[in-house]
Amino acid sequence: MLHQLKSKVSDIIKESDKDTNEKLLAICELLKENVPYYDWVGFYFRNGNKEELKLGPYAGTPTDHTIIPFGKGICGQVAVSNKNFVVPDVGAQDNYIACSITVKAEIVVPLFVNGKNIGQIDIDSNTPDPFSEEDERFLEYINQEVAKIY
Ligand code: SME
């Protein structure tokens, strides 16, 4: 399932009638609609030179957490660690920012442009422990595609 979505993501990246944010939104919507355990899909980006993340395009319920300081929550930790963060059970995390009480699990994969961590893709799931290495490789692929338009 994830494999078939790769070529669709690459097609979106190449679409000439969409600007960058429209492409990111289309990717979020594609993923949310087609992967049953992806319930909220969004991009966060470093906010200028500030030590904080700012919410970019997303698909799913609106969140209050449009700004996240570096180090805070799962997203803020990935901004500092530069590493994928897979959380099978959000209830077991101390440094976690809850966006919705329905969320059971989360995965965050950093987005590198020329080796620099400029942001991340963040996915929340209402299903407990749904993410595997296949999701990590898939989301790394997506971020590599997105990096081409930055
Ligand atoms: N749960 C995230 C905050 C962002 S929401 O999931 C959209 C975190 O702990 O960083």
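Values below: every heavy atom of this structure, side chains too, minus hydrogens, waters and symmetry copies. Read the numbers this way: they start at 1 and go in the same order the structure lists the ligands and their atoms. Along the sequence shown, the residues carry numbers beginning at 1.
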_Stepwise salt bridge (Lys or Arg N to Asp or Glu O under 4.0 Å) test for Glu15 and Lys18_ = CA-CA 6 Å; Glu15 277 175 36; Lys18 283 192 171 75; 2.4 Å; yes

*Listed by chain and number, what are the ring pair (Phe, Tyr, Trp, His ring centres under 6.0 Å) partners of Phe112, not counting sequence neighbours?*
none

*Name of the residue among Ile142, Asn84, Ile123 meeting side chain to side chain contact (heavy atoms under 4.5 Å, CB included) with Val109*: Asn84

*Are Lys32 and Tyr38 in a cation-pi setup, meaning NZ or CZ lies under 6.0 angstrom from the ring centre and within 45 degrees of the ring axis?*
no

*Which hydrophobic side chains are connected to Tyr44, either touching it within the sub-4.5 Å cutoff or through other members that do?*
Trp40, Leu53, Leu55, Tyr58, Ile68, Phe70, Val80, Ile97

*Excluding sequence neighbours, so at least two apart, what forms ring pair (Phe, Tyr, Trp, His ring centres under 6.0 Å) with Phe85?*
none

_First-shell residues of ligand 1 [heavy atom, distance under 4.0 Å]_ = Trp40, Tyr44, Ile68, Gly73, Ile74, Cys75, Tyr96, Ile97, Cys99, Glu106, Asp122, Asp124

